[in-house]
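Worksheet for the structure shown next.
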Protein chains: 2
Amino acid sequence: MADSVALDPVDLHILRLLQNDARSTYRELAAEVGVAPSTCLDRVTRLRRSGVILGDQLRLDPAKLGRGLQALLLVQVRPHRRELIGPFVERVRALPESRALFHLTGPDDYLVQVAVADTADLQRLVLDEFTSRREVARVETRLIFQQWDCGPLLPPGEPVRP
Amino acid sequence: MADSVALDPVDLHILRLLQNDARSTYRELAAEVGVAPSTCLDRVTRLRRSGVILGDQLRLDPAKLGRGLQALLLVQVRPHRRELIGPFVERVRALPESRALFHLTGPDDYLVQVAVADTADLQRLVLDEFTSRREVARVETRLIFQQWDCGPLLPPGEPVRP
DNA sequence: CATGAAAGAAATTCGAT
DNA sequence: ATCGAATTTCTTTCATG
């Protein structure tokens, strides 16, 4: 399920174009790649079914929705046992403030990216949803000054390892 | 530009639906929300122009593209001055391995999420692109065991702060 | 697998309200 | 601002190579 998939140059070209603009039409893709629109549809359908393309996500601006402050929370969960971390993960994922959650190596077990209205809202979140929980041993809060999207996962010209 | 935007219940309903499925048609949105498809188009166009909707992103599975290992790099840049960090940020953004970049408060100035093939690839990346740079004072590498998407930024029923 | 033509569906325009 | 009908454009199917 997580194994590499065979991708030919047409697939790679299509993926690069869709990473630049996920709303490209099959007609546009076809014109750029040099195949028929129906072939593009076929390729994209296959890429979706094979799991290379996971889906389309709408990107919203949190600041425009009254969530102008973002932070990363480094969380230690103790004891770090399955029966505790399962519910912890699900609870954090369900918080409306949560944007992403990582299970990490290193001194902090989890990293949570959150979007909140202001520092008071952040304080409430940390106190009520994290430090007040018995399984949470420690929370370190780091504000996000700025964030950047990076280039496409498949940069132009890079081959894919088989 | 980062100020909150006035959103009425129709806008919120549309945003919630599009967060669940960014590929919903205006016809589908219209049926759910209770307005005409052309009105939905109008609303969504407006939401895009006002910056609430930033765009659509294609989500790819890094593992299927030969990048089965992800990590977070906590980076100290010294001295932390504008003439150094501008180029640093642009260089990191341009790396094909980079997925996201944050400027943070706290002891580490930057956090970089990277996707690589394996630990050897990660070692090469850290040594060649980070620790070998003069402006990089320290890099702490943490592997990502697992990551989760979180719920929508706009959960059902939540009002938006004005 | 890829194609082009045809059919079906969606996006978009626009005059009216 | 919204509507709905008309138009344009896209998506999808499918018989064929």
Side-chain angles (χ1 to χ4, degrees), chain A residues 3-61 64-66 152 154 156 159-162, chain B residues 1 3-61 64-66 152 154 157-162:
Chain A
D3 277 331
S4 233
V5 169
L7 298 172
D8 69 13
V10 172
D11 292 320
L12 293 175
H13 199 165
I14 289 173
L15 287 174
R16 287 188 189 105
L17 293 169
L18 284 176
Q19 276 188 112
N20 288 335
D21 179 7
R23 295 168 65 77
S24 307
T25 67
Y26 296 117
R27 183 183 290 260
E28 290 166 342
L29 294 177
E32 292 250 23
V33 175
V35 295
S38 54
T39 303
C40 280
L41 169 65
D42 194 62
R43 294 299 190 117
V44 172
T45 303
R46 206 172 304 223
L47 288 166
R48 288 185 187 276
R49 270 209 304 262
S50 67
V52 175
I53 295 176
L54 294 170
D56 298 69
Q57 194 168 24
L58 195 72
R59 287 158 26 78
L60 301 182
D61 183 346
K64 303 263 181 180
L65 299 168
L154 282 172
V160 165
R161 292 162 242 260
Chain B
M1 189 60 201
D3 277 332
S4 236
V5 170
L7 298 171
D8 69 14
V10 172
D11 292 319
L12 293 174
H13 199 166
I14 289 173
L15 287 173
R16 287 188 188 105
L17 294 169
L18 284 176
Q19 275 188 120
N20 289 334
D21 180 7
R23 294 168 65 78
S24 309
T25 66
Y26 296 117
R27 185 183 288 261
E28 289 166 342
L29 293 177
E32 293 252 24
V33 175
V35 296
S38 52
T39 303
C40 280
L41 170 64
D42 194 64
R43 293 299 191 120
V44 172
T45 304
R46 203 170 311 206
L47 288 166
R48 289 186 187 276
R49 270 209 304 261
S50 67
V52 175
I53 295 176
L54 294 170
D56 299 68
Q57 193 167 26
L58 195 72
R59 286 158 26 77
L60 301 182
D61 184 346
K64 302 265 181 179
L65 299 169
L154 282 172
E158 184 186 342
V160 165
R161 292 163 244 259

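Here is how names work: the chains are called A, B, and so on, in the same order as the sequence lines, proteins then strands, and each is numbered from 1.
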Using whole Å, report how far [atom1] of [X] lies from [atom2] of [N].
{"X": "B/D42", "N": "C/dT12", "atom1": "CG", "atom2": "C1'", "result": "11 Å"}
{"X": "A/I14", "N": "D/dT11", "atom1": "CD1", "atom2": "P", "result": "13 Å"}
{"X": "B/D11", "N": "D/dA1", "atom1": "CG", "atom2": "C1'", "result": "11 Å"}
{"X": "A/R49", "N": "C/dC1", "atom1": "CZ", "atom2": "P", "result": "12 Å"}
{"X": "A/R27", "N": "C/dA9", "atom1": "CZ", "atom2": "C1'", "result": "14 Å"}
{"X": "A/L41", "N": "D/dT12", "atom1": "CG", "atom2": "P", "result": "6 Å"}
{"X": "A/E28", "N": "C/dA11", "atom1": "CD", "atom2": "P", "result": "14 Å"}
{"X": "B/L29", "N": "D/dC3", "atom1": "CG", "atom2": "P", "result": "13 Å"}

Quick one: [atom1] on [X] to [atom2] on [Y], what's the gap to the nearest 0.5 Å?
{"X": "A/D56", "Y": "B/D21", "atom1": "CG", "atom2": "CG", "value": "8.0 Å"}
{"X": "B/R46", "Y": "B/L41", "atom1": "CZ", "atom2": "CG", "value": "10.5 Å"}
{"X": "A/L154", "Y": "A/L17", "atom1": "CG", "atom2": "CG", "value": "11.0 Å"}
{"X": "A/R43", "Y": "A/S50", "atom1": "CZ", "atom2": "OG", "value": "11.0 Å"}
{"X": "B/L58", "Y": "A/L54", "atom1": "CG", "atom2": "CG", "value": "8.5 Å"}
{"X": "B/L60", "Y": "A/L47", "atom1": "CG", "atom2": "CG", "value": "9.0 Å"}

[Y] and [X], any side-chain heavy atoms less than 4.5 Å apart:
{"X": "B/I53", "Y": "B/L15", "value": "yes"}
{"X": "A/L18", "Y": "A/V44", "value": "yes"}
{"X": "A/D8", "Y": "A/D11", "value": "yes"}

Please tabulate the protein-to-nucleotide N/O contacts below 3.5 Å involving nucleotides 4-8 of chain D, giving atom names and distances.
| from | atom 1 | to | atom 2 | distance (Å) |
| --- | --- | --- | --- | --- |
| D/dG4 | N7 | B/S38 | OG | 3.0 |
| D/dG4 | O6 | B/S38 | OG | 2.9 |

Sugar-phosphate only, base, or nothing, as touched by B/R23 at under 4.0 Å among non-hydrogen atoms: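 Contact class for B/R23: none.
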Under-4.0 Å side-chain N/O to phosphate OP1/OP2 contact, B/R43 with D/dT2: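 Yes, because at least one side-chain N or O of B/R43 sits under 4.0 Å from OP1 or OP2 of D/dT2.
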Options D/dC3, C/dA11, D/dT2, nucleotide nearest the side-chain atoms of B/Y26: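 From the listed options, C/dA11 comes nearest.
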Watson-Crick and G-U pairing of DNA chain C, under 3.5 Å, as dot-bracket with | and [ ]: .||||||||||||||||
